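The structure presented is a predicted model; accordingly, all values stated were derived computationally and were not measured. Both counts, for ligands and for their atoms, begin at 1 and track the order of listing. Basis for what follows: all heavy atoms, side chains included, without hydrogens, waters or symmetry-related copies.
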Amino acid sequence: MALSICIVLPPYMALLPLLQVIAIFLIIGIIFVPVGLICLQASNRVAEIVHRYDIDCVPNAYRSNKQAYIKDSSISKKCIQKVKVQYHMKAPIYVYYELDNFYQNHRRYIKSRSDKQLRHGLQYTDSSCSPMERSNGLPVVPCGLIAWSLFNDTYDFTRGSMGLMVDRKNISWRSDREHKYGQDVYPFNFQNGSLIGGGKLDPDIPLSNQEDLIVWMRAAALPQFRKLYGVIEEDIQADETITMHITNNYNTYSFGGKKSLVLTTSTWLGGKNDFLGYAYLITGSSSIFLSILFALIHVKIPR
Ligand SMILES: *[C@@H]1O[C@H](CO)[C@@H](O)[C@H](O)[C@H]1NC(C)=O
């Protein structure tokens with residue numbers, strides 16, 4: 001309560017007559033409470049499916065040793081998961097992968113890249129990329145740990161016997177594609193070392209068109225993050241069952257990371273977010289509470 005007084009009550013208000021203070025709190029409350037309700041309602045309209053699959057996608061025989069499974073390239077990594085959609089989902093439906101316990105903001109990791117190289121090419125391979133600057137004596141493009149650890153799970157979707165198209169174009173920021181990644185810079189000597197960190201890149205496609213890489217290279221600030229994989233441009237009806245065809249390639253087992261697949265619709269609030277609504281509600285209702293409190297004080301102790 002003291003905190004909300006601090007936020008809502010600027011010092012000069014202490015000089016205002018009590019009745020005005022009461023009125024101001026009341027007005028704040030009357031505005032904030034409905035705004036909070038509207039935000040919460042908008043957030044509830046966002047139909048969202050979050051399906052964690054990193055454990056379910058490991059065959060039973062390997063559950064106690066998931067690393068053995070993920071590192072053995074002779075075992076198929078294909079994995080089928082079904083989810084039942086509870087609410088009608090209106091297109092566009094955004095497909096994200098969500099990682100948890102993955103520290104993309106680790107100091108050594110986040111610096112291990114060369115923005116000049118991404119833009120202008122091989123000649124700008126420099127020590128900022130260490131320890132993934134060169135491989136077998138040759139420069140690596142794109143260099144650095146972030147690129148090297150590129151996420152490499154893939155997803156396809158079907159409903160019934162029909163495919164559900166995922167549009168994988170324009171998932172990255174346009175400004176990134178146009179200004180930060182070279183149209184004439186091609187992957188070179190990438191993922192050629194003895195230790196494979198993640199996804200491979202088609203050496204015939206310039207970096208400016210490698211959208212999965214561009215999305216991945218925007219390092220997340222928090223250990224739990226989502227990255228856009230694609231967009232489904234068809235509605236999904238309530239009670240439909242969607243089959244997810246996952247290739248579970250990426251090794252999060254070595255550091256206890258979690259992987260989830262997220263399908264979400266978005267509203268004007270931009271995704272599911274209850275926090276904003278609750279913040280307004282709490283601020284609004286404590287303002288009303290304070291105005292009532294002050295009103296009581298005013299009645300009991302008239303000036
Ligand atoms: C995917 O990434 C993992 C590392 O997380 C690597 O071991 C594996 O070889 C990669 N697989 C493919 C198909 O790129």
Contact atoms of ligand 1, heavy-atom distance to Gly197 under 4.0 Å: 4 (C), 5 (O)
Near Asn251, which atoms of ligand 1 are under 4.0 Å from a heavy atom of that residue?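 Near Asn251, meaning under 4.0 Å from one of its heavy atoms, ligand 1 has 5 (O).
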Side-chain donor or acceptor of Glu211 paired with backbone N/O of Ser172 under 3.5 Å: yes
the protein heavy atom lying closest to atom 9 (O) of ligand 1 turns out to be Ile196 CG2, 3.9 Å
Got the closest protein heavy atom to atom 1 (C) of ligand 1, with its distance? Asn152 ND2, 1.5 Å
Is the distance from the ring center of Phe255 to that of Phe102 below 6.0 Å? yes
Value for CD1 (Ile38) from OH (Tyr280), rounded to nearest 0.5 Å, stands at 10.5 Å
Go through the side-chain N and O atoms of Asn170 and Arg177 and say whether any donor and acceptor fall under 3.5 Å apart. yes
